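First up is the structure itself, then whatever we jot down about it.
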Amino acid sequence: MKIVVLAGGLSTERDVSLSTGSMVSNALRRKGHQVMLLDVFMGCGNAGDDLAHLFHDAAEAEIPDIPVPEGPADLTKVKAMRKDQSDCFFGINVIELCRMADIVFLALHGENGEDGRIQAAFDLFGIRYTGSNYLSSAIAMDKKLSKQFFAAAGIPTPRSISMNRSAYIADFSQSGLPLPCIIKPCHGGSSVGISVIHTPAEYETALQEAFRLEDEVILEEYIEGREFSVAVIESETLPVIEIAPLEGFYDYKNKYKAGSTIETCPADLPADIAGQIQAYAKTAVETLGISTYARADFMLDSQNRIYCLEVNTLPGMTPTSLLPQEAAAIGISFEDLCERLVQIKL
């Protein structure tokens, strides 16, 4: 098959996406497909190029594995690198090349990738793509909205409030939440912009850091305990994986720097607790209307109370990502995992 692996973009998770894209592209090539890794923002070639030739050349070119750097990309520099300097999000020839492919593997993370907007555009262009549809993607990306869905479905989630830049609570004591507390962007991912505050003095700085990324933020009850994740593929739950950072919490560095976090799969849990986490993951995915695959994140406190944090509709596929580790625990290779995610949508 002709497959475009679409990555990059302009979210704070751009570099994570490029790493996912390189890994997936090479895996699908090893499965015998003609694969082109395409940066959705930068595009490929020039207007008026012979696209069949362009696709063939790119599909034959070597794709090195792309590591994730220690911090998020400088998006101002990324924008300056674009050849045509257009204000269109889609780079040169992106839509045309995606239409030429049998399917597009969405290796995008974060804004304009995981939030449903590209999925909606591709539906209008008649482009087949991996992952869930635009509506479920948009709901899952909105942490405030997804928590409302969790509550309606009886899935426990940490207490939280949302605030807008134009009307936020200046005095933490008025928030109704205890310390410590989590502050994070409402629509972000990869823990970019997230802070754990322990004193009221840390509140304003953390708040402004989150507002630097977007206009709406979430203040969330801090759950002290163990962190877990569960992937769901076509209503099948994979084994629970435990995430234990060596230092601090599971932030951007601990997610992507090899050796920063100990991941254990299957997690060392009593069977009933592991089963309950898996059941909540499946219910969360179904409640949000997600199809094909996703990954749900959880906390377990000292009283064995389970809390669902969020659901990711395009989980990472980098060398340190969780979904591939869960699949490997039941004998599914990275190549077979990528192939399955493609075949689901054909």
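Keep in mind the model is a prediction, meaning the values are calculated, not measured.
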> side chain to side chain donor-acceptor pair (under 3.5 Å) with Asp272: which residues, sequence neighbours excluded?
Replying inline: none
> Which class fits the ring pair Phe211 and Tyr168: parallel under 30°, tilted 30 to 60°, perpendicular over 60°?
Replying inline: tilted
> Under the salt bridge (Lys or Arg N to Asp or Glu O under 4.0 Å) test, which residues partner Arg305, sequence neighbours left out?
Replying inline: Asp301
> By side chain to side chain donor-acceptor pair (under 3.5 Å), which residues pair with Glu242, not counting sequence neighbours?
Replying inline: Arg226
>> Restricting to side chain to side chain donor-acceptor pair (under 3.5 Å), what partner residues turn up for Glu209, sequence neighbours left out?
In response: Arg212
> What pairs with Arg82 under salt bridge (Lys or Arg N to Asp or Glu O under 4.0 Å), at least two apart in sequence or on another chain?
Replying inline: Asp84
> Which salt bridge (Lys or Arg N to Asp or Glu O under 4.0 Å) pairs, counting each pair once, include a residue from residues 149-160, with sequence neighbours left out?
Replying inline: Arg159-Glu221
> What residues, two or more places apart in sequence or in another chain, satisfy side-chain contact (heavy atoms from CB on, under 4.5 Å) together with Asp39?
Replying inline: Arg14, Leu18, Phe41, Met42
> Excluding sequence neighbours, so at least two apart, what forms salt bridge (Lys or Arg N to Asp or Glu O under 4.0 Å) with Asp215?
Replying inline: Arg165
> Residues in side chain to side chain donor-acceptor pair (under 3.5 Å) with Thr199, at least two apart?
Replying inline: none
Can I get a per-line list of side-chain donor-acceptor pairs under 3.5 Å for residues 52-68, giving both atom names and the distance, sequence neighbours left out?
unit_1 : atom_1 : unit_2 : atom_2 : d
His53  : NE2    : Asp57  : OD2    : 2.7
Asp65  : OD1    : Asn26  : ND2    : 3.0

>> Using the salt bridge (Lys or Arg N to Asp or Glu O under 4.0 Å) criterion, which residues pair with Arg29? Sequence neighbours excluded.
In response: none
Side chains of residues 147-154: which donor-acceptor partners sit under 3.5 Å, not counting sequence neighbours?
unit_1 : atom_1 : unit_2 : atom_2 : d
Lys147 : NZ     : Thr157 : OG1    : 2.9
Lys147 : NZ     : Pro158 : O      : 3.0
Lys147 : NZ     : Glu220 : OE2    : 2.8

> Salt bridge check: are Arg340 and Glu236 linked by an N-O gap of less than 4.0 Å?
Replying inline: yes
